[in-house]
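In what follows, a single structure is set out as structure tokens and then discussed.
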Amino acid sequence: SFVGNSLVDMYATCGFFAEAWKVLDDLPVVSIIPWNALLAGYCEGELFEEVLGCAEKMQSQGLHPNAVTYVCILRACGSLVALEKGLLLHADIVKEETEEDPYIGSALVDMYAKFGLLAEAQGVFDELRARDVVSWSALIAGYALWGLDEVARSCLQKMQSENVLPDVVAWNGVLSSYGEEGECEKAFLVYAQMQEQGLLPDDVTFLSILRSCSSTTDMKTGQVIHAQVLGLSARGV
RNA sequence: AGGGCCAGGUUG
């Protein structure tokens with residue numbers, strides 16, 4: 001049956017949902033694992049409506065969501081800005097005392113951030129037992145999403161004072177706030193700080209920076225970044 | 001009781 005679970009996971013991960021369903025329907029034992037695999041596959045494909053539909057179907061079969069299920073549904077609610085559903089979900093999670101789960105915690109932070117309920121996001125974050133680089137990054141990305149780049153940057157400092165080292169995703173989160181605004185100068189400054197920390201930029205880093213440059217006529221900075229990208233790709237990054 | 005197959009953050 002573990003084989004069946006893995007098959008569902010594989011098909012779902014590859015986006016072959018018809019096949020995944022077929023395997024799931026033929027599995028001899030009823031288990032939440034293949035359902036979660038399917039939900040995760042829909043999440044990965046960003047088919048969030050399907051996530052919610054699939055979760056409902058799962059529950060109609062008498063299966064109760066576990067932590068993995070909740071993480072998938074929370075992510076879908078956040079991305080769809082399904083506010084009322086997300087709030088109900090949070091209430092269920094609190095009721096079931098599963099909010100301690102670090103995965104659920106950062107998924108909640110992420111969801112509230114996407115709703116634009118930053119005080120709620122911060123509130124959930126503050127209650128987390130263990131804040132790791134992922135929960136910090138969810139918070140940072142949330143502030144960045146709503147243009148609060150200075151708050152996002154201060155998070156980079158705070159997390160370090162709590163001995164959590166920002167990784168490239170955390171830094172990229174800050175950079176993501178400069179896309180809409182086109183604040184190319186700030187983006188470049190953050191990029192410089194990131195390098196001072198000895199962190200290697202990745203493709204997302206450059207895409208974010210270039211995006212912030214694209215709405216300006218700052219050709220020079222764009223060219224500097226172009227040169228950086230070429231330099232890094234020469235080193236195989 | 002514990003473990004095994006599924007789950008959280010950044011650009012698009």
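Numbered from 1 within each chain, the chains take letters A, B, ... in sequence-line order.
Listed nucleotides: B:U11, B:G8, B:C6. Nearest to the side chain of A:Val68: B:C6. Closest to the side chain of A:Asp9, out of B:G8, B:G9, B:C6, is B:C6. Side-chain proximity of A:Ser135 to the nucleotides B:C6, B:U10, B:G8 is greatest for B:G8. The side chain of A:Ala40 has B:A7 as its nearest neighbour among B:U11, B:A7, B:G8. Each of B:A7, B:G9, B:G8 was ranked by its minimum atom distance to the side chain of A:Lys114; first place goes to B:G9. Counting only heavy atoms from C-beta on, A:Val134 has its side chain closest to B:G8 among B:G8, B:A7, B:C5.
Counting any heavy atom pair closer than 4.0 Å across all strands shown, A:Pro102 reaches a base atom. Within 4.0 Å (heavy atoms only), A:Asp167 reaches at least one base atom of the nucleic acid. Within 4.0 Å of A:Val3, counting heavy atoms only, lies no atom of the nucleic acid at all. Contacts of A:Ala170 with the nucleic acid, taken as non-hydrogen atoms under 4.0 Å apart, include base atoms. Residue contacts for A:Asp203: at a heavy-atom cut-off of 4.0 Å it reaches no nucleic acid atom on any strand shown.
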Take A:Tyr143 and A:Ser177, measure what side chain to side chain contact (heavy atoms under 4.5 Å, CB included) needs, and give me the verdict at the end.
CA-CA 8 Å; A:Tyr143 284 122; A:Ser177 68; over 6 Å; no
Pair A:Gln61, A:Glu56 - check side chain to side chain donor-acceptor pair (under 3.5 Å), show working.
CA-CA 9 Å; A:Gln61 312 259 315; A:Glu56 273 181 28; over 6 Å; no
Apply the test ring-ring contact (aromatic ring centres under 6.0 Å, His included) to residues A:Tyr11 and A:Phe17: give CA-CA distance (whole Å), side-chain angles for both, the deciding distance (0.1 Å), then the verdict.
CA-CA 6 Å; A:Tyr11 280 128; A:Phe17 295 108; over 10 Å; no
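We find that CD1 of A:Ile104 is positioned 14 Å from P of B:A7, with the value rounded to whole Å. At whole-Å resolution of the value, CG in A:Asp132 and P in B:G8 are 13 Å apart. Regarding A:Ile140, its CD1 atom lies at a distance of 9 Å from the C1' atom of B:G9, rounded to whole Å. When rounded to the nearest whole Å, the span between OH of A:Tyr11 and P of B:C6 equals 17 Å. What separates OH of A:Tyr42 from P of B:A7 is a distance of 16 Å, to the nearest Å. Rounded to whole Å, atom P of B:C6 lies 12 Å from atom CD of A:Glu44. The distance between atom CD1 of A:Ile33 and atom P of B:C6, rounded to the nearest whole Å, is 8 Å.
When the side-chain nitrogen and oxygen atoms of A:Arg211 are compared with OP1 and OP2 of B:G12, one or more of them lie within a distance under 4.0 Å.
Of the two residues contacting RNA chain B, namely A:Ser137 and A:Glu46, the nearest-nucleotide position lying further toward the 5' end is that of A:Ser137.
Taking CG of A:Leu128 as the reference point, atom CH2 of A:Trp136 lies at 10.0 Å (rounded to 0.5 Å).
Within a 6.0 Å sphere centred on CD of A:Gln59, heavy atoms belonging to other residues, nucleotides or ligands number more than 12.
For A:Asn172 against B:G9, a side-chain-to-base donor-acceptor contact under 3.5 Å is absent.
In terms of heavy atoms, A:Lys85 sits closest to A:Cys77 at CG-SG, 3.9 Å.
In this pair, A:Tyr103 lays its aromatic ring flat on the base of B:A7, centres within 5.5 Å and planes under 30 degrees apart.
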